[in-house]
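The structure appears below as structure tokens.
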Amino acid sequence: MKKRTVHEQVPALLFLIAISMFFFIKAFEYGDVKLFPIITSSLVMAFSSIQLARAIKKTKEVNKKIAEDSDYIPAISWEKLKTPVVGYIMAAVYVAMIPTIGFFVSTAVFMVLFMVFLGYRKWGVILAVTVGIELAVYLLFVKELAVRIPHGILY
Amino acid sequence: MQVLGQIYASMGAAVPEFFKSLWSWEMLVAILIGLVGGMIIGALPGLNSLMGISIMLPFTYAMSPIPAMTMLMAIYTAAIAGGSLTAIMLHTPGTPANMATIISGYKLAERGEALSAMYTSLFASMIGSIISGFALMLIAPVLARVGILFDSPEYFAIALFGVGVIATLTEGKMVSGFAVGFFGMMISCIGVAPNSAVTRYHFGYIRLMNGLDTTAVVLGMFSISQALILIENINKKDAGKKLVEVEYTKRKFLSWSEIKRILPTTLRGSIVGIGCGILPGAGANIGGFLGYNDARSHAKDKEEFDKGCIEGVAGPEAANNAVTGGAMIPMMTLGIPGSSAAALLLGGMMIHGLQPGLSMFTNQGNLVFPMIFAFILVSVLILPVGMLLARAVSKLANIPSAILAPIIIVLSVLGAYSIRNSIFDVYVVTAFGLIGYFFRKADLPLSGFVLGMLLGNMAEMGLMRTRIIAKGDTLNYFLHRPICVILILLLIYTMVKTPVGKMIKKKKAENKEV
């Protein structure tokens with residue numbers, strides 16, 4: 001059986017509608033300053049709904065295309081989203097680890113793992129880029145710009 | 001007129017003082033540090049002129065006033081010019097002011113015309129900055145008076161006009177443009193409400209009470225999403241694939257015909273930028289979008305323009321750099337800074353004994369005018385210095401996506417953290433990275449979202465204040481303010497121009513067929 005999907009706008013528009021609906025309901029708690037969030041969230045809901053109706057219509061075309069062309073990979077499919085989603089999860093874990101193990105250590109681990117995950121295997125380049133970035137950040141941000149980089153249990 | 005006469009006399013008398021200060025090591029070093037440092041800071045995502053000026057401000061205490069202020073003003077304008085380079089090459093705005101540059105700039109880069117786009121951006125930045133410098137020097141008192149005519153209703157009308165700009169930016173996908181534009185405005189409601197102590201949508205989280213930082217949101221939407229787009233089609237075989245191809249030709253700069261092509265757009269963009277600069281709160285971020293809007297509205301072939309062209313780079317870059325001189329007009333003449341960076345410059349001026357106000361131009365003309373002359377000189381130097389940097393930045397194209405993507409993520413994280421030394425902003429950048437990615441996948445215009453977010457606060461503040469001043473009769477109050485009426489008419493014109501134009505064209509074509 002052929003896989004079915006939705007038009008690429010559908011998830012984003014559903015997200016917009018859900019968030020704006022939440023903002024709309026919550027706005028009534030804010031007394032005198034509720035007007036602007038009510039107006040803007042209503043407009044988001046209205047425009048997103050119109051666009052969603054259009055996107056749902058287009059979904060049929062996408063599914064038709066899948067049925068006709070076996071090589072066609074739709075925008076919302078695991079094949080297409082796998083690398084960015086896994087990459088994003090790696091980035092999110094990296095960000096979450098910064099306060100615990102510190103910026104420098106987590107950045108080094110993240111950069112090496114990310115490049116390897118993407119299939120890059122020139123270890124000399126991987127090492128040089130990682131050390132280069134760490135050094136540049138240290139010299140420019142820590143030494144020159146006096147940014148207080150978060151340090152964790154390691155460094 | 002008498003005031004202007006006195007100012008011009010004072011200006012003439014200051015010329016020898018300028019040349020005297022120019023031929024000093026202190027001045028040359030100040031110009032060099034200001035320009036190169038400003039451009040590098042601008043090119044790095046998350047760092048902007050505000051940070052550069054605040055870091056360098058303590059170093060100026062021991063300097064003479066003219067080199068000190070020249071260095072700070074150089075950082076201010078060079079950072080915005082430098083930010084366009086990464087916007088064009090990496091789809092990552094160096095400063096929020098360069099967001100509109102991405103729209104055309106990155107498309108040009110994808111076509112291999114990155115160098116041409118960067119030269120255009122530097123040329124337009126130079127012209128915008130020079131023109132704003134001349135405006136500051138010659139007609140500052142007049143422009144400052146125009147600036148103070150703008151009150152809350154006018155700011156609300158500007159924000160409404162901005163909504164019209166969203167429609168222009170997103171032509172062809174106007175419904176989705178408005179959806180994300182108003183989403184941006186809605187997101188700007190997070191935090192303390194204007195003219196009130198009420199905090200909204202913070203869920204008890206103290207960091208959310210200050211609202212979301214625009215730079216962090218923009219970095220997430222544009223940069224993290226770009227890293228995810230880059231790795232989308234990557235597989236083990238093409239891990240060494242380049243980001244974009246850059247055509248390195250023997251041509252060292254733009255051709256004369258290209259300069260002639262972008263000159264009108266650049267001049268108009270500069271005027272738009274000066275206008276944005278003199279209005280406190282509008283700033284370079286909005287200025288860039290208005291410059292883009294102006295360039296697009298004057299384009300003969302809109303479809304061709306939307307595919308990416310040098311006018312689409314020249315418009316926003318001329319405008320955002322012209323904001324720098326524009327923002328210094330109310331700062332120097334009235335003591336009201338037009339932007340946060342201008343507020344720091346104001347502090348720097350006061351440290352060096354300059355008292356803002358019209359009298360400063362006559363009583364302390366021997367200090368003020370050499371500073372303005374030096375600002376114009378620095379503006380001229382943006383082009384040669386920027387061209388050296390552009391060549392270096394264009395080499396980024398040779399870096400494989402597998403290496404560039406993690407670098408973009410790390411720099412975005414670092415840039416977001418550097419804004420307020422807050423890990424919360426890093427979470428914001430990460431969250432909006434995912435939103436930005438799915439928005440781009442869905443072909444929802446990010447520029448509309450960002451413009452909405454920038455305008456949100458201005459719109460709400462303008463609306464709330466006007467409601468209080470108008471005592472209930474808000475609409476009538478608006479309609480009795482000439483600037484508001486003009487802006488609303490302009491909005492209507494912007495909104496209906498294209499559809500009506502298309503209708504007329506269609507009618508004409510039908511008549512011809514008959």
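Throughout, a chain's letter reflects where its sequence line sits, starting with A, and its residues are numbered from 1. In this text, all values refer to a predicted model and were calculated from it rather than measured experimentally.
- Proximity of B/Phe183 to A/Thr40: side-chain heavy atoms (C-beta onward) are nowhere separated by under 4.5 Å.
- Legend: residues meeting side-chain contact (heavy atoms from CB on, under 4.5 Å) with A/Leu127, ordered by chain and number and at least two apart, are absent.
- Two residues are said to be in side-chain contact when any heavy atoms from C-beta on lie closer than 4.5 Å; B/Val180 and A/Phe47 fail this criterion.
- In this structure, chain B has no heavy atom under 4.5 Å from any part of A/Val10.
- Of the atoms belonging to B/Val410, heavy atoms from both backbone and side chain fall under 4.5 Å from chain A.
- Looking only at distances, a side-chain donor or acceptor of B/Tyr417 sits under 3.5 Å from a matching main-chain atom of A/Arg148.
- For the options A/Pro84, A/Ser42, A/Ala46, A/Ala96, heavy-atom pairs under 4.5 Å to chain B are most numerous at A/Pro84.
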Exercise. Check the pair A/Leu81 / B/Lys441 against side-chain contact (heavy atoms from CB on, under 4.5 Å), numbers first and verdict last.
Key: CA-CA 10 Å; A/Leu81 295 176; B/Lys441 288 285 291 177; 4.0 Å; yes

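- A/Leu43 and B/Phe182 make their closest contact through CD1-CE2, 3.5 Å (heavy atoms, listed as atom of the first residue, atom of the second, distance).
- Annotation for A/Pro99 and B/Ile423: closest pair CG-CG1, 3.9 Å, computed over non-hydrogen atoms.
- Taking 4.5 Å as the limit, every side-chain heavy atom of B/Ile399 sits out of range of all side-chain heavy atoms of A/Val129.
- Listed in order of number, the residues of residues 19-31 of chain A that approach chain B to under 4.5 Å between heavy atoms are A/Ile19, A/Ser20, A/Phe22, A/Phe23, A/Lys26, A/Ala27, A/Tyr30.
- Both the backbone and the side chain of A/Pro37 come within contact range of chain B, each with at least one heavy atom under 4.5 Å from a heavy atom of that chain.
- Counting heavy atoms from C-beta outward, A/Leu35 and B/Arg467 have side chains that approach closer than 4.5 Å.
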Throw together a table of side-chain donor-acceptor distances under 3.5 angstrom for residues 85-94 of chain A, partners on residues two or more places apart or in other chains.
residue : atom : partner  : partner atom : Å
A/Tyr88 : OH   : B/Thr430 : O            : 2.6
A/Tyr94 : OH   : A/Thr107 : OG1          : 2.9

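- For the pair A/Asp32 and B/Met464, the tightest heavy-atom approach, listed with the atom from each and the gap, is O-CE, 3.5 Å.
- In terms of modelled atom types and a separation under 3.5 Å, the side chain of B/Arg200 and the main chain of A/Val33 share a donor-acceptor contact.
- Each of A/Pro11, A/Ser41, A/Ser49 has some count of heavy-atom pairs under 4.5 Å with chain B, and the biggest count is that of A/Ser41.
- For A/Leu52, no part sits under 4.5 Å from any heavy atom of chain B, backbone or side chain.
- B/Met185 is listed as a side-chain neighbour of A/Phe36, based on a closest heavy-atom distance under 4.5 Å.
- Partners of B/Ala470 according to the side-chain contact (heavy atoms from CB on, under 4.5 Å) rule, which considers only residues two or more places apart in sequence or in another chain, are B/Thr474, B/Tyr477.
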